[in-house]
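Heads up, the thing below is written out as structure tokens.
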Amino acid sequence: MSYETLLTDVRGDGTRRTLLITLNRPKALNALNDQLMDELGAALKAADADAGIGAIVITGSEKAFAAGADIGVLAQHDFVKAYTTDLITRNWETIRTIRKPVIAAVAGFALGGGCELAMMCDIVIAADTAKFGQPEIKLGIIPGAGGTQRLPRAVGKAKAMDLALTGRMMGAEEAERAGLVSRVVPADKLLEEALDAATLICNLGVASVLAVKESVNRSFEGTLADGIMFERRLFHALFGTPDQIEGMDAFLNKRKAEFK
Ligand code: HXC
């Protein structure tokens with residue numbers, strides 16, 4: 001399928017490959033509008049349904065992952081229009097329904113909705129040029145796609161308040177120290193690093209990959225006791241699967257596992 005605001009490409013040569021999605025509104029620093037979010041949702045859903053895809057990487061340009069929701073569009077709303085058209089909610093939730101791992105490869109600005117989009121991904125890998133922030137306060141609004149909820153869970157209350165109340169940007173090193181980002185790499189290695197991580201995931205057992213994602217996400221909902229019980233049940237459920245038998249047999253026989 002072809003899109004107007006995204007570039008898509010399938011990478012890798014294994015049984016399961018990686019869908020690379022590049023946000024592509026370069027003149028507006030990949031500002032996120034309805035068309036882009038609709039197309040992103042469609043591309044993610046198609047990849048989730050495709051047994052030949054094992055992981056997804058979302059990236060932007062060298063200058064911007066995404067500089068936020070499109071302010072020109074936001075400015076056309078009053079409360080009644082925002083509320084009745086379900087501004088943001090309508091097409092921002094699709095990524096939450098995706099079961100396969102999604103990696104954000106972030107270079108340049110990831111601001112407002114761009115930072116929120118990165119935080120909706122499962123792994124965030126940052127170029128040393130990346131800058132994260134929730135500058136909505138400077139526009140007289142607040143984050144609207146989970147920023148006030150996911151940011152404190154990722155970096156703690158103090159830094160989340162600092163960022164969301166002042167609107168300042170945080171560089172890649174600070175983001176890694178704070179726990180928003182899993183690794184920082186030189187900008188020219190960003191895509192390679194993200195695609196390598198995706199390939200590793202593609203070559204693992206599908207059921208255990210989906211179970212890890214589901215179980216870690218569960219840790220953000222409900223109590224610790226419920227989360228641990230959920231994890232235990234998934235852990236038990238994976239015994240007897242071909243991947244468990246193959247993985248353990250390969251280890252015990254000192255050979256590389258070949259997951260089907
Ligand atoms: C619409 C945007 C945009 C945005 C940049 N552009 N960000 N257009 N919406 N969010 C456009 C500019 O208008 C400009 O278009 C072009 O992209 C290049 O931007 P410049 O400002 O000229 O670049 P630069 O001087 O390098 O500054 C980069 C920047 C700045 C620091 C990222 O553009 C900026 O502050 N952008 C807004 C960031 C922001 O406030 N994001 C939060 C949005 S609210 P022209 O046509 O002039 O060349 C939000 C709410 C989320 O995200 C709610 C839930 C999703």
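Every number for a ligand or one of its atoms is a count from 1 in the order of the listing.
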Checklist entry - How are the rings of Y83 and F79 set to each other: parallel, tilted or perpendicular (split at 30° and 60°)? => result parallel
Next on the checklist: Under 3.5 Å, is there a donor on one side chain and an acceptor on the other for N91 and D34?
Outcome noted: yes
Could you list, one pair per line, each nitrogen or oxygen of ligand 1 together with any protein nitrogen or oxygen closer than 3.5 Å, giving atom names and the distance rounded to 0.1 Å?
| unit_1 | atom_1 | unit_2 | atom_2 | d |
| --- | --- | --- | --- | --- |
| ligand 1 | 9 (N) | I71 | N | 3.0 |
| ligand 1 | 10 (N) | A67 | O | 3.1 |
| ligand 1 | 10 (N) | A69 | O | 3.0 |
| ligand 1 | 17 (O) | K27 | O | 3.4 |
| ligand 1 | 26 (O) | K63 | NZ | 2.7 |
| ligand 1 | 41 (N) | A67 | O | 2.9 |
| ligand 1 | 52 (O) | A69 | N | 2.8 |
| ligand 1 | 52 (O) | G113 | N | 2.9 |

Next on the checklist: For the CZ atom on R90, are there more than 12 heavy atoms of other groups (residues, nucleotides or ligands in this structure) within a distance under 6.0 Å?
Outcome noted: yes
Item to check | Side chain to side chain, E214 and R99, heavy atoms closer than 4.5 Å | outcome: yes
Item to check | K260 with D243: basic N within carboxylate O range, under 4.0 Å | outcome: no
Item to check | Any donor-acceptor N or O pair under 3.5 Å, side chains Q35, T5 | outcome: no
